[in-house]
There are 2 protein chains.
Amino acid sequence: MARYEQIASDLRDAIVRGDYPIGAQLPSEAELALRYAAARGTVRQAVALLAAEGLVGSRQGARRIVLGSERSQSFAELHSFAQWARSMGYRASGTVLSSGRRPCSPSEAVRLSLEPGEEVLAVLRLRRLDGEPVLVERTVYAGWIAPAVERLDPDCESVTQELYESVGLVFAYGEHLIDAVAAGSEDARLLGVRRGSPLLRQRRVTTTQEGRPVESSDDRYRAGSVTFSIRNSTAANPLVRRAGD
Amino acid sequence: MARYEQIASDLRDAIVRGDYPIGAQLPSEAELALRYAAARGTVRQAVALLAAEGLVGSRQGARRIVLGSERSQSFAELHSFAQWARSMGYRASGTVLSSGRRPCSPSEAVRLSLEPGEEVLAVLRLRRLDGEPVLVERTVYAGWIAPAVERLDPDCESVTQELYESVGLVFAYGEHLIDAVAAGSEDARLLGVRRGSPLLRQRRVTTTQEGRPVESSDDRYRAGSVTFSIRNSTAANPLVRRAGD
DNA sequence: TACTCTGGCTTGTTTGTACAAGTTCGCCTA
DNA sequence: TAGGCGAACTTGTACAAACAAGCCAGAGTA
C-alpha cells in the first residue's frame, strides 16, 4: 500500500472514529506532513482521496473541514432485470429477436478487452413487464461465453440465472452510463411508441467477479416505465430500478 | 484557468474530435510534457482529470488508452452543477429566468416537510456549459432558506457554493430519481430543441446534513449533453484487464 | 520454430522548492 | 466602536528530480 493510501486510511479512521467530528477543521497540510514525516505532496494525495470520497471539503486559503463520516463501501448490487421485476411483484418475460456472431468493432474490443476483430455474439432482446414491452436490450457477448448463451432458451426469463446454473458464471456489474435518447425506428416498433419519443438508455459492461468482461449492453427503457433511483450520494451508491410512477 | 486544466481541455477536445479514437494510445507523459512545455507533474494532473471522467484508462507500465469520448457525471460525487462542470474543465454559467414566492402544493409539502400552504420560493434557471444551454432547473426552496436565495446574484455561477459562503449551508443530497421525458414547449424553447425530443430528467431533494429538506428540484438535461455514470466497483479496475490472464 | 529474458520505455510514488491566490484575524485608525 | 488594512497562514499550482514497478518488443537461445 502506498504511503499516501496509508495516510488517507489513517485520517479516514480518525474521522469515522469521531476524532474530527463533522464541521471540524482538519490539521493543515504542513502539520500533517510533519506528523506523518511525509512531503506535503504526499499528504495532498491522501486528502485528495478523502475529498473524492466526500469526507472532507476544501477551499483555497481556508483549512479543510470534515463534511461527513459515513463509510461508503457500497454493497448495493444491481440485480438482473428478471430478479428486479420479481422482487417488485411483476412478471418478467423476454424474447430473443435476433442473435448472431460477427467480428467486434474497435470500441467493443476496448470495452470487452478483446483483440480487434475477435468474434462476438450480438443478441437483440425484447423484455416485458406483465406482458407489456418496456425494454429493448442490445447485448454483445464476448466470444468465450457465446456458446453458453446460444444454448439458452430464446424465451428464457432470466439470462443471469440461467448462466449461473449452466456454467457457474456470477456477474459483477461494472460501469453504467445513463442518458436519454430518441427512439429509433426499430426501438419504436418494438416498444410500441412513436419514433423520436424519449427513451431512458442504460449502457453497461458486465464482468465476472474477477473483472473479466462478459457482455456489453445497450438497454433502452420506454419513458414512464422505469425510474432509476439513487440515495445519499456523498456516500454509497445504491442504485435501484423503480417501476414507473 | 489553470495550466493543467487547459491541457486537459485540449486533450479532451482532441479525443472528442477523434484525433485519438477509442482504443488508441495517448502520447506518453514525457511527450505531452514536451509538447505543452510543462512539467510531468502538471501533465499528470491533466490526464488524472480525464481518467476521473472515464475518458482514458491507465495501467502502470503501459501507455494510456482512450476508453470513451463522452462527458459523464459520476454519481459517486454528485456535486452541484457548477462544481461538476468545473471539475470537467467546462465553464458553467446560469441565468435565473423567473423567481417568486407562492404557497406550496400538497406534494411539495410532503417532499420538503412543510405545512400545507406554507410559502416556498420557486425558481426557474437555465444553465449552460461553455455558453451552450444544456439544463433547465425548476427548483422549489423551503421558505426558511428563501431570503438567502433571493439575495444571490441572478447570474450566480454556483448556488451551492454561494449558499455555503453566505450562510454556511452544506448540502447533503438525498434521493435522486432519474428517467426520460419528452420536452415540453417551455423546455424546448429554452434548450433550443424540438418539442417532444428526449430529455434526461433528474428529480432530487436536497437536505442539510442534519436531514432538513432545503430544496426540491426537477432538472432536465438536453439529450447528448450529459451522461450519468455509476461504477459498481467490486474490483478496482475492470477496464484494464486483458483476455487470457 | 518456439521460448526466455533482458533492456528500454512508461506510469506510479515520493520528495523538495517556489510562488500564487484566498482566508483569517488582530491591529490600527477614524 | 466600527471599519479598513495588512501580515501570517493555508490551500492551489507548477517545476524538477529520482527511484520503483510494470509492460513490451526484440535479441538471443534451445
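Note that the coordinates shown come from a computational prediction; the quantities given were computed from them, not determined experimentally. Throughout, a chain's letter reflects where its sequence line sits, starting with A, and its residues are numbered from 1.
Taking 4.0 Å as the cut-off between side-chain N and carboxylate O, B/R203 and B/D218 do not count as a salt-bridged pair.
Using a 4.0 Å cut-off, no side-chain N or O of B/R44 falls inside it from OP1 or OP2 of C/dT11. Contact check, A/R63 against D/dT10: a side-chain N or O comes under 4.0 Å of OP1 or OP2. Checking the phosphate oxygens (OP1, OP2) of D/dG12, a side-chain nitrogen or oxygen of A/S58 falls inside 4.0 Å. The phosphate of D/dC15 (OP1 or OP2) has a side-chain N or O of B/T42 nearer than 4.0 angstrom.
The side chain of A/S28 lies closest to D/dT11, out of D/dA14, D/dT11, C/dT13. Distances were taken from every side-chain heavy atom of A/A2 (C-beta onward) to each of D/dC15, C/dT24, C/dT14; the shortest belongs to C/dT14. Distance from the side chain of B/Q60 is smallest to D/dA21 among C/dG22, D/dA21, C/dT14. Side-chain proximity of B/E29 to C/dT15, D/dC15, C/dT11: nearest is C/dT11. Of the listed nucleotides (D/dA14, C/dG16, C/dT11), C/dG16 has the atom at the smallest distance from the side chain of A/A39.
Remark: P of D/dG12 and CE of B/M1 are 17 Å apart, rounded to the nearest angstrom. Rounded to an integer number of Å, the gap from B/E5 CD to D/dG12 C1' is 10 Å. Remark: P of C/dA20 and CZ of B/R3 are 17 Å apart, rounded to the nearest angstrom. As a whole-Å value, the separation of A/R64 CZ from D/dT10 P is 12 Å. Here D/dA16 presents its C1' atom at 15 Å from CG of B/L34, a figure rounded to the nearest Å. For the pair A/Q25 CD and C/dT23 C1', the interatomic distance rounds to 11 Å; values are reported in whole Å. One can place CZ of B/R59 at 6 Å from P of D/dC23, the figure rounded to the nearest angstrom. Rounded to whole Å, atom P of C/dT13 lies 13 Å from atom CD1 of A/I7.
Counting distance only, with no hydrogens placed and no angle test, the side-chain atoms of B/R40 and the base atoms of C/dG12 include a donor-acceptor pair under 3.5 Å.
Among the heavy atoms of the strands, none lies under 4.0 Å from A/A30.
Side-chain polar atoms of A/R3 and A/T42 form no donor-acceptor pair below 3.5 angstrom. For the residue pair B/R125 and B/S99, no side-chain donor N or O sits within less than 3.5 Å of a side-chain acceptor on the partner.
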Which pairs of donor and acceptor atoms, one on a side chain in residues 16-23 of chain B, lie under 3.5 Å apart (sequence neighbours left out)?
from	atom 1	to	atom 2	distance (Å)
B/R17	NE	B/D19	OD2	3.3
B/R17	NH2	B/D19	OD2	2.7
B/Y20	OH	B/R35	NH1	3.3

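Of the two residues contacting DNA chain C, namely A/Y4 and B/G61, the nearest-nucleotide position lying further toward the 5' end is that of B/G61.
Panel note: side chain A/R63, backbone A/L26; a donor-acceptor pair is recorded below 3.5 Å.
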